Amino acid sequence: MTDLPASSAGSTTGVGETATHAAAKPMRERLVWLIDHFKREWQIYVMLAPMIIWFLLFLYKPMYGLQIAFKDYSIFWGIVESPWVGWEHFETLFNNSQFIRAVKNTVIISALSLIFGFPVPIILALMFNEILHALYRRTCQTIVYLPHFISTVIIAGIVITAFSPSAGIVNTFIGWIGIEPVYFLTKPEWFRPIFIGSGIWQEAGFSSIIFLAAIAGVNPSLYESAVVDGASRWQMMWKITIPSIMPTIIIMLIIRIGNLMEVGFELIILLYQPATYQTADVINTFIYRQGLQSGQYDLAAAAGLFNAVVAFVLVMTANSISKRVSRTSLW
Amino acid sequence: MQNMNLYSRGDRLFVRANMVLIGLFTLSTLYPFIYIAAVSFSSGFAARAGRVVLSPVDVTVAAYARVLSEPQFWNSYGNTFIYTIGGTITSLIIIIPGAYALSRPQLLGRRFWNLMVAFTMWFHAGMIPFWLNIRDLGLLDTYFGIIIAFACNAFNIILLRNFFESIPSSFEEAARMDGANEFQVLWKVFVPLSKPAIATITLFCVVSRWNGFFWAMVLLTDEGKIPLQVYLRQTIATLSDDEEFSSTLIDAPYSVETVTAAIIVCSIIPVLCFYPFAQKYFNKGILLGGVKE
């Protein structure tokens, strides 16, 4: 509280002067200043209040509730009154082969999505950039952006229909080349390709927007002088476009690595089944089953806390790296 | 690059090959939609046998007749509209003034409030404490719970705050001279100047509301309150598990596949109607979002 008036110093002229003085003067005057400030500026606090209350009630209160990760939670006793058990739930988790498997699957699915999914929007953006026919380009863009706006349930519905053993189009296709129908969604080895493939189908087009924007920002005089030198479009793409958008590529890559713990678990919940758990079950689906379906709230909350802490560390690391990269690569 | 002449044969070849590849990618993006639409208009028997590839086989609207005659379909469709419209309006009512307050230099503890909002982008308590909290607040199984519990998100707030901060103070001075208070300045100066940013967050809200399914599935048990996406999921799950349904299908003109496809088509139509309007903004929006923090 003590540095509050000082923190607003250097804002609007009149307020700023009072504030610098107030910092050196006794309590009473600071109080007078505060009352005066709220009398004049109460409106912005009225505007701020609903949002802050919302954050406290819906995002910070659950953080307080996270303590059940260290408690033997019972609905009867409630969050605060339930007895403490220390690290017991974490010990249980790390001795639980299902949880270990879920952690592994989270990292593997994330890493595979990154390896196969990350280059696609970059390639798409580079290709869109080479299309000279404006209408053709706009039409194609409109279509490839569309799946981003489609709900996960619909994506799952399409996947389930398309990969169905009797009716699905995929089995019809492979039937044409003489392969027996496969019930893909019950095969553990097929889960990840299907999941990652549908992810690319849904997001690659839309993710290319950020790279297209980077390409649009490339200095046109670079291309002009390259044309004078007789460079081909292929050469210009490799020698000008790609190096110019490299900072964007690196930053997007770092952000993606920072979000490694985030796997699209909603789609997994819709597509997986006990037969494919061994390759499909990730931390969030584990939490969903243990917590919301089996009612082991404390254990599931512990798994969630583990996930959140790892994610936090990764995101923070990624943020600080990306700040360093973007600063150095700008100059 | 647009107006450059194509000098060499290699360039021309490159551009053509590129057009073909993009065309193929576009078609493969489009194909699942065409396939689903074709299935939805095919007979259950043809769909079951896997005979639908590109266009409907034994054209029929039986699947639509079944879907549209289901009262629960219309009910959940209506609920989706309630959640989308109610949720988006609630978001805007909280976010616009909140982001404006955060952008004001005279706000005491401004850094603290900003950090409080931004922190939630990096750390989240997780599914279970969030769910317990909703339960303890008595918001399980309520329209209000779904609408209010997802009203804000840090990304949208920061996006809008950044936009407000980028507006030069000279714009508001005239209004201040006329004795406008903060609400009037926000409403008459900042909101009109921020149309692209507000349109962008509106778009984000509408899309996430329309598509939202996980929390609706988890928080709502009353069949009467579920949105379309949850209904779609239930239909897929129950129809495929329902032995009786499958056995009656031998002579039924529809099947699990065609009914599922018909619901999918019905649920995509509003997105397609909204899409052209949205398209104008999402390019801008992504770029606004790109400069976060």
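Note that the structure is predicted; figures quoted are calculated from it, not measured. Every chain is numbered from 1, with letters handed out A, B, ... down the list of sequences.
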Given that the side chain runs from C-beta out, which part of A/Leu126 has a heavy atom under 4.5 Å from chain B: side chain, backbone, both or neither?
neither

Engaged part of A/Thr161 at the chain B interface, taking heavy atoms whose separation is under 4.5 Å:
both

Is chain A contacted by the side chain of B/Ala49, its backbone, both, or neither, given a heavy-atom distance below 4.5 Å?
backbone

In this structure, which one of A/Leu299, A/Ile287, A/Leu66, A/Leu305 forms a side chain to side chain contact (heavy atoms under 4.5 Å, CB included) with B/Ile128?
A/Ile287

Is a donor on one side and an acceptor on the other found under 3.5 Å between the side chain of A/Gln43 and the backbone of B/Glu182?
yes

Could you state the interatomic distance from CZ (A/Phe149) to CG (B/Leu203), rounded to the nearest 0.5 Å?
5.5 Å

So for B/Val230, is it side chain, backbone, both, or neither that comes closer than 4.5 Å to the heavy atoms of chain A?
neither

Would you name the heavy atoms of A/Met51 and B/Cys152 that are closest together and state the gap between them?
CG-SG, 4.4 Å

In terms of heavy-atom pairs under 4.5 Å, which option from A/Ala301, A/Gly304, A/Gly168 contacts chain B the most?
A/Ala301

Residue A/Leu57 versus chain B: region with a heavy atom under 4.5 Å:
both

If you measure from CG on B/Leu30 to OG1 on A/Thr139, what distance do you get to the nearest 0.5 Å?
11.5 Å

Where does B/Ile157 contact chain A at under 4.5 Å (heavy atoms): side chain, backbone, both or neither?
side chain

Report which part of A/Tyr136 has an atom under 4.5 Å of a heavy atom belonging to chain B: side chain, backbone, both, or neither.
side chain

So, taking the atom named CG in A/Asn319 and the one named CH2 in B/Trp122, what distance separates them when rounded to the nearest 0.5 Å?
6.5 Å

Okay, A/Tyr45 and chain B: the region with an atom under 4.5 Å from a heavy atom over there is side chain

Heavy-atom contact with chain A under 4.5 Å, split by part of B/Ala261
neither

Can you tell which part of B/Phe130 gets under 4.5 Å to a heavy atom of chain A, answering side chain, backbone, both or neither?
both

Hey, does the side chain of B/Trp210 reach the backbone of A/Ser151 with a donor-acceptor pair shorter than 3.5 angstrom?
no

For A/Tyr73, which atoms come within 4.5 Å of any heavy atom of chain B: side chain, backbone, both, or neither?
side chain

Toward chain B, the part of A/Val46 with a non-hydrogen atom under 4.5 Å
side chain

First locate atom CD1 of A/Ile158, then atom CD1 of B/Ile36, and finally report the distance between them rounded to the nearest 0.5 Å.
5.0 Å

Side chain, backbone, both or neither of B/Phe33 within contact of chain A (heavy atoms, under 4.5 Å):
side chain

Contact origin within B/Phe14 toward chain A - heavy atom pairs under 4.5 Å
side chain

Toward chain B, the part of A/Thr248 with a non-hydrogen atom under 4.5 Å
neither

Residues A/Tyr145, B/Tyr275; criterion ring-ring contact (aromatic ring centres under 6.0 Å, His included); working and verdict:
CA-CA 10 Å; A/Tyr145 295 164; B/Tyr275 189 57; 8.0 Å; no

Taking side chain as everything from C-beta outward and backbone as N, CA, C, O, which of these in A/Trp234 sits under 4.5 Å from a heavy atom of chain B? Side chain, backbone, both or neither.
both

Would you call the rings of A/Phe265 and B/Phe214 parallel, tilted or perpendicular, where under 30° means parallel and over 60° means perpendicular?
perpendicular

Below 4.5 Å from any heavy atom of chain B, which atoms of A/Ile154 appear? Answer side chain, backbone, both or neither.
both

Identify which part of B/Val218 has an atom lying under 4.5 Å from any heavy atom of chain A, answering side chain, backbone, both or neither.
side chain

Using the benzene-type ring in the case of Trp, are the ring centres of B/Trp131 and A/Tyr297 under 6.0 Å apart?
yes

Given heavy-atom pairs under 4.5 angstrom as the criterion, report whether the side chain, backbone, both or neither of B/Tyr31 touches chain A.
side chain

Checking heavy atoms, do the side chain of A/Asn284, its backbone, both or neither come under 4.5 Å from chain B?
both

Between A/Val144 and chain B, with a heavy-atom cut-off of 4.5 Å, which part of the residue counts as in contact: side chain, backbone, both or neither?
both

Go through the atoms of A/Leu124 and report whether side chain, backbone, both or neither lie under 4.5 Å from a heavy atom of chain B.
both

Got a second to check how far A/Glu266's CD is from B/Met217's CE, nearest 0.5 Å?
8.0 Å

Hey, what do you get for CG (A/Leu48) to CZ (B/Arg104), rounding to the nearest 0.5 Å?
13.0 Å

Side chain / backbone / both / neither for B/Met116 at chain A, heavy atoms under 4.5 Å:
both

